[in-house]
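Below: the structure, in structure tokens.
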Amino acid sequence: MARDAASVCNDLGVPHYTVNMTEEFEEEVIVPFVRDYASGRTPNPCITCNRTMKFGHLLRKAREIGAEYVATGHYVRAAGCQDDTMVDTFVNPVAGSGRTYLLRGKDKSKDQTYALYGLTQDMLSHSMFPLGNLTKHDVREMARKVGFSTADRPDSQEICFVTSSGYRAFLANRGVHPEPGPIFDTSGRQVGKHSGLPFYTVGQRKGLGLESGTAMYVVALDVTRNALLVGTREEAYSTGCQVKVLNLIAVQSMDGPVTGTCMVRYRGKETAAQMRPCGMGTALGVEATVDFQTPQFAVTPGQALVFYQGDLVYGGGVIARSSSMQDLLPGNQK
RNA sequence: UGGGGCGUAGCCAAGCGGUAAGGCAUCAGCCUUUGGAGCUGACAUUCGCAGGUCCGAAUCCUGCCGCCCCAG
């Protein structure tokens, strides 16, 4: 990776710096990642990394060397408002005089706004997304033409800091040694045993090893009983959820219910929804409640809910609990 | 031990004389800047065991073993 970057910078005649942020990464990405899993949630470390590393520490470093913006290869667009029209801040950086918006990238299949919903106004107004108006295909084409060594580097990767042995092994190495416990179906019958709650996630199907005539999915993790709750695919759908640590991008504050669409997971399909703010003093620090127009599969605590209005990212937050869990986890989630 | 039923892959299960459906689970690949999901492919030389009938049986007959149900 670092090699590739250096090589491309060299081709471009751009100075290349290396800064060591392993300490920060450990504290701000990995530690919370492990803590979340250990508490029965399913975190998305990429979202944390974007907010703390790429647009946090990296932007800070950039400013130290006199750079005003950070440019990344995310497939998203940022825009400022001039008069009444939005102006792409990459095309016209000075446009960000008022609020800076985050919009889906042109390549909808590659859109990464979900992973950037946590950025602040300061971060967004000092970011450039040159790939926002291109498709992945275009980008590779351009890279090939210019002769970048990275032109054909494969897309995929899993959690960057987790090896091929998988996140479960990673957690174990990090001292997560949970107690095995029972697996219950939605009628309360014990149907099996689990090897430790952190090793499962809502919506999971594989690895349960249940002897059932039909496919079973994890419906919820019951931390207080150290039990895994499973059900049929239908039983894993939710009509809504509660969201905390809300980060609003399109507006300063949410005064009432808003309508739009939302996504409940990275690369998920969006669904029409309504989001309304919760008053003060809500349990769990819940800040908003979202109702889906059509039930969503495997709405998972710890994952992000990102709310959209058209291509615009309205804001997002962390899923605290889904509606279907209300019945299954009688008031226990602390 | 009088009557009835059933034993097909780890689990569920079709087939009832013509040469082993399907589903779950499992494994592999694809997909993918999170976890999952999804998609594709693989997966019983063999039908509780032993004989017999037949050109041919998981399917018919006999015996044995193991379960279940109803009566005593």
Side-chain angles (χ1 to χ4, degrees), chain A residues 1 4-5 25 28-30 32-55 72-76 105 107-118 129 131 136 139 150 153-171 176 183 185 191-194 196-221 228 230-238 263-269 271 295-306 316 318-319 322:
Chain A
M1 286 286 277
D4 289 338
F25 191 78
E28 297 172 52
V29 178
I30 295 183
F33 171 82
V34 174
R35 174 180 29 72
D36 273 358
Y37 264 117
S39 319
R41 272 169 259 124
T42 305
N44 184 327
C46 293
I47 290 175
T48 308
C49 175
N50 283 326
R51 186 183 62 245
T52 62
M53 297 292 118
K54 295 182 186 133
F55 299 90
T72 71
H74 288 102
Y75 287 87
V76 304
D107 189 342
K108 270 219 150 189
S109 68
K110 284 291 173 187
D111 174 66
Q112 291 175 304
T113 48
Y114 181 87
L116 297 186
Y117 86 88
F129 304 106
L131 306 191
K136 188 99 184 185
V139 174
T150 51
R153 198 175 72 190
D155 271 33
S156 68
Q157 42 193 290
E158 294 175 328
I159 305 179
C160 70
F161 56 87
V162 170
T163 63
S164 54
S165 48
Y167 86 92
R168 286 161 241 263
F170 182 86
L171 291 178
V176 179
I183 299 180
D185 66 15
V191 292
K193 303 183 300 285
H194 73 255
L197 251 25
F199 301 144
Y200 301 83
T201 184
V202 174
Q204 180 175 332
R205 169 181 178 172
K206 299 202 177 265
L208 300 178
L210 299 177
E211 296 180 339
S212 151
T214 147
M216 298 299 272
Y217 299 81
V218 173
V219 172
L221 277 59
L228 199 60
V230 300
T232 62
R233 185 163 235 280
E234 294 67 50
E235 291 171 325
Y237 278 78
S238 297
M263 289 206 312
V264 143
R265 57 171 42 71
Y266 185 66
R267 294 176 55 250
K269 58 180 184 346
T271 184
Q296 295 300 295
F297 176 73
V299 179
T300 312
Q303 293 285 293
L305 177 140
V306 180
V318 177
I319 296 167
S322 70

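Order of the sequence lines fixes the chain letters, A, B, ..., with proteins taken first and strands second; residue numbering starts at 1 for each chain.
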Self-check item: Partner residues of A:Thr271 under the side chain to side chain contact (heavy atoms under 4.5 Å, CB included) criterion, sequence neighbours left out
Solution: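 If we apply the side chain to side chain contact (heavy atoms under 4.5 Å, CB included) test to A:Thr271, skipping adjacent residues, the hits are A:Cys262, A:Phe292, A:Thr294, A:Gln296.
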When rounded to the nearest Å, what value does the distance between [atom1] atoms of [N] and [M] take?
N: B:A71; M: B:A57; atom1: C1'; result: 35 Å
N: B:G51; M: B:C43; atom1: P; result: 30 Å
N: B:U53; M: B:C61; atom1: P; result: 15 Å
N: B:G4; M: B:U26; atom1: C1'; result: 38 Å
N: B:A21; M: B:G56; atom1: P; result: 23 Å

Rounded to whole Å, please give me the gap between [atom1] in [X] and [atom2] in [N].
X: A:Phe33; N: B:U34; atom1: CZ; atom2: P; result: 11 Å
X: A:Met216; N: B:C12; atom1: CE; atom2: P; result: 15 Å
X: A:Arg51; N: B:U34; atom1: CZ; atom2: P; result: 17 Å

Exercise. Applying ring pair (Phe, Tyr, Trp, His ring centres under 6.0 Å), name anything that partners A:Tyr167, two or more places apart in sequence or on another chain.
Key: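 Counting only residues at least two positions away or on another chain, A:Tyr167 forms a ring pair (Phe, Tyr, Trp, His ring centres under 6.0 Å) with A:Tyr37.
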Strand partner of [N], provided both Watson-Crick or wobble distances fall under 3.5 Å:
N: B:U53; result: none
N: B:G38; result: B:C30
N: B:G7; result: B:C65

Using a 4.0 Å heavy-atom cut-off, does [X] contact any base of the nucleic acid, only the sugar-phosphate backbone, or nothing at all?
X: A:Lys269; result: nothing
X: A:Gly207; result: sugar-phosphate
X: A:Ile47; result: nothing

Practice problem: Please indicate whether A:Lys193 has more than 12 foreign heavy atoms, meaning atoms of other residues, nucleotides or ligands, lying under 6.0 Å from its NZ. | Solution: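 Incorrect, the count does not exceed 12.
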Quiz prompt | Mutual orientation of the aromatic rings belonging to A:Phe170 and A:Phe33 [parallel < 30°, tilted 30-60°, perpendicular > 60°] | solution =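 Taking A:Phe33 first and then A:Phe170, their aromatic rings stand perpendicular (interplane angle over 60°).
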Quiz prompt | Sequence-aligned protein contact record of nucleotides 35-41 of chain B, with B where the base is within under 4.0 Å of a protein heavy atom and S where only the sugar-phosphate is | solution = BBSS---
Quiz prompt | Heavy-atom side-chain proximity of A:Val306 to A:Thr113 below 4.5 angstrom | solution =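 A side-chain contact is absent here, since even the closest heavy-atom pair is not under 4.5 Å.
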Quiz item: Do A:Met263 and A:Leu305 come close enough that some side-chain heavy atom pair is under 4.5 Å?
Solution: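 No. Closest side-chain heavy atoms not under 4.5 Å.
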Quiz item: Does A:Glu28 have any side-chain hydrogen bond (donor to acceptor under 3.5 Å, both in side chains) partners at least two apart in sequence or in another chain, and if so, which?
Solution: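 Only A:His57 meet the side-chain hydrogen bond (donor to acceptor under 3.5 Å, both in side chains) criterion with A:Glu28.
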Self-check item: A:Leu116 or A:Thr214, whichever maps to the more 5' nucleotide of RNA chain B
Solution: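 Between the two, 5'-proximity favours A:Thr214.
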Practice problem: Write out all pairs satisfying salt bridge (charged side-chain N to carboxylate O under 4.0 Å, His left out) with one or both partners inside residues 196-217 of chain A, taking only residues at least two apart or from two chains. | Solution: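 Sorted result for residues 196-217 of chain A: empty, none.
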Just the atom pairs and distances: protein N or O near nucleotides 5-11 of chain B's N or O, under 3.5 Å.
residue, atom, partner, partner atom, Å
B:G10, O2', A:Glu211, OE2, 3.1

Exercise. Quickly, which of A:Val264, A:Asn44, A:Val76 forms a side-chain contact (heavy atoms from CB on, under 4.5 Å) with A:Tyr114? Name it, please.
Key: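 Result for side-chain contact (heavy atoms from CB on, under 4.5 Å) with A:Tyr114: A:Asn44.
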